[in-house]
Amino acid sequence: MRTQNPSFERHRRIGQAICRYFMEAPIPFNPSWQDYQQWLDTLPNDEKIYFRGLGFEVCLAVNAFKRHWYEAHHYRLRDYLLRQLSREDFETYSQLPTVSQLRANWLQASGDSRRMGSAN
């Protein structure tokens, strides 16, 4: 039997803990239209356009919207992971790039200094 890559296993544990964060939420996910609008207002323009186009009902399944709502209700992913992960796994999680960082890197690498979806 082949031994798994330790980095893969660490990221698998982190991913599983993030899934449990949503499944074990202490309050039912019950956002309002206003919560949806407030979440959209936190997004970069192109993402706001995209998720507004998907609509409220579809976005009820979007983890970024769920996390925003839970965190607004004091159920924070970072706090949950701090309790659930080993110190080493949590350090790895803390060093992962955010979506905003990945996006900035992609725009820089593509030579595109504008945001996708915005007017030229």
Side-chain angles (χ1 to χ4, degrees):
M1 187 166 142
R2 199 176 100 192
T3 304
Q4 289 290 340
N5 177 326
S7 177
F8 172 83
E9 289 299 317
R10 177 163 301 196
H11 286 88
R12 183 184 58 77
R13 288 189 302 270
I14 293 167
Q16 288 175 334
I18 291 170
C19 287
R20 285 192 312 272
Y21 163 80
F22 291 108
M23 293 185 325
E24 297 174 2
I27 54 176
F29 180 62
N30 189 21
S32 66
W33 175 260
Q34 182 179 1
D35 295 324
Y36 169 67
Q37 293 297 323
Q38 289 171 347
W39 171 64
L40 290 174
D41 288 342
T42 69
L43 301 174
N45 192 48
D46 60 318
E47 291 177 32
K48 184 185 306 186
I49 292 167
Y50 175 76
F51 287 115
R52 183 175 286 135
L54 290 179
F56 175 71
E57 292 296 324
V58 171
C59 287
L60 291 173
V62 173
N63 283 343
F65 179 35
K66 290 179 182 181
R67 179 179 176 187
H68 175 84
W69 189 86
Y70 282 130
E71 294 205 355
H73 290 81
H74 310 289
Y75 179 52
R76 294 181 175 37
L77 176 60
R78 186 173 183 83
D79 295 343
Y80 179 85
L81 294 178
L82 191 56
R83 292 188 308 271
Q84 297 295 317
L85 297 173
S86 69
R87 189 182 86 240
E88 295 83 9
D89 287 358
F90 185 78
E91 287 175 9
T92 297
Y93 166 77
S94 296
Q95 294 170 6
L96 293 173
T98 64
V99 171
S100 296
Q101 291 166 332
L102 290 171
R103 174 190 185 77
N105 292 345
W106 181 84
L107 289 171
Q108 183 179 15
S110 70
D112 190 350
S113 60
R114 61 184 164 77
R115 292 197 180 270
M116 297 181 312
S118 63
N120 291 334

**Report entry** Check: A64 main-chain N/O paired with H68 side-chain donor or acceptor under 3.5 Å
**Finding:** no
Query raised in the report: Can you check whether F65 reaches F51 side chain to side chain, under 4.5 Å on heavy atoms?
Result: no
Query raised in the report: Do L60 and L77 share a hydrophobic cluster (ILVMFWY, side-chain heavy atoms under 4.5 Å, transitive)?
Result: yes
Query raised in the report: How long is the span from the SG atom in C59 to the NZ atom in K66, to the nearest 0.5 Å?
Result: 11.5 Å
Requested in this report: Treating Ile, Leu, Val, Met, Phe, Trp and Tyr as nodes and any side-chain heavy-atom pair under 4.5 angstrom as an edge, say whether W33 and L54 lie in one connected cluster.
Outcome: yes
**Report entry** Polar side chain donor-acceptor pair, Q16 to R20, under 3.5 angstrom
**Finding:** no
Query raised in the report: How far apart are the C-alpha atoms of F22 and R67, what are their side-chain angles, what is the distance that settles it, and do they pass the side-chain contact (heavy atoms from CB on, under 4.5 Å) test?
Result: CA-CA 8 Å; F22 291 108; R67 179 179 176 187; 4.2 Å; yes
Report task. Considering non-hydrogen atoms only, spot the tightest contact between L40 and K48 and give its length. Result -> O-CE, 3.1 Å
Query raised in the report: Going by atom types alone, do D35 and S32 pair a side-chain donor with an acceptor below 3.5 Å?
Result: yes
Requested in this report: Output, in order, the C-alpha distance, side-chain angles, deciding distance and verdict of side-chain contact (heavy atoms from CB on, under 4.5 Å) for R78 and F90.
Outcome: CA-CA 9 Å; R78 186 173 183 83; F90 185 78; 3.8 Å; yes
Report task. To the nearest 0.5 Å, tell me how far I14 CD1 sits from L96 CG. Result -> 5.5 Å
**Report entry** Aromatic centroids of F29 and Y75 separated by under 6.0 Å
**Finding:** no
Requested in this report: Verify side-chain contact (heavy atoms from CB on, under 4.5 Å) between V62 and Y36, making sure each step is shown before the conclusion.
Outcome: CA-CA 11 Å; V62 173; Y36 169 67; over 6 Å; no
Query raised in the report: Counting only heavy atoms not in E24, do more than 12 fall under 6.0 Å of its CD?
Result: yes
Query raised in the report: Transitively linked via ILVMFWY side-chain contacts under 4.5 Å: L82 with M23?
Result: no
Query raised in the report: If you measure from OG on S110 to CG on N105, what distance do you get to the nearest 0.5 Å?
Result: 10.5 Å
Requested in this report: Start with the C-alpha distance between Q84 and D89, add both sets of side-chain angles, then the distance that settles side-chain contact (heavy atoms from CB on, under 4.5 Å), and finish with yes or no.
Outcome: CA-CA 9 Å; Q84 297 295 317; D89 287 358; over 6 Å; no
Report task. Can you measure from NE2 (H11) to CZ (R13) and round to the nearest 0.5 angstrom? Result -> 10.0 Å
**Report entry** Spatial distance of atom CG (L85) from atom CZ (R10) [nearest 0.5 Å]
**Finding:** 9.5 Å
Report task. Would you give the length of the straight line joining atom CD of Q37 to atom OG1 of T42, rounded to the nearest 0.5 angstrom? Result -> 11.5 Å
Requested in this report: Using a 4.5 Å cut-off on heavy atoms from C-beta on, say whether the side chain of Y21 contacts that of N63.
Outcome: no
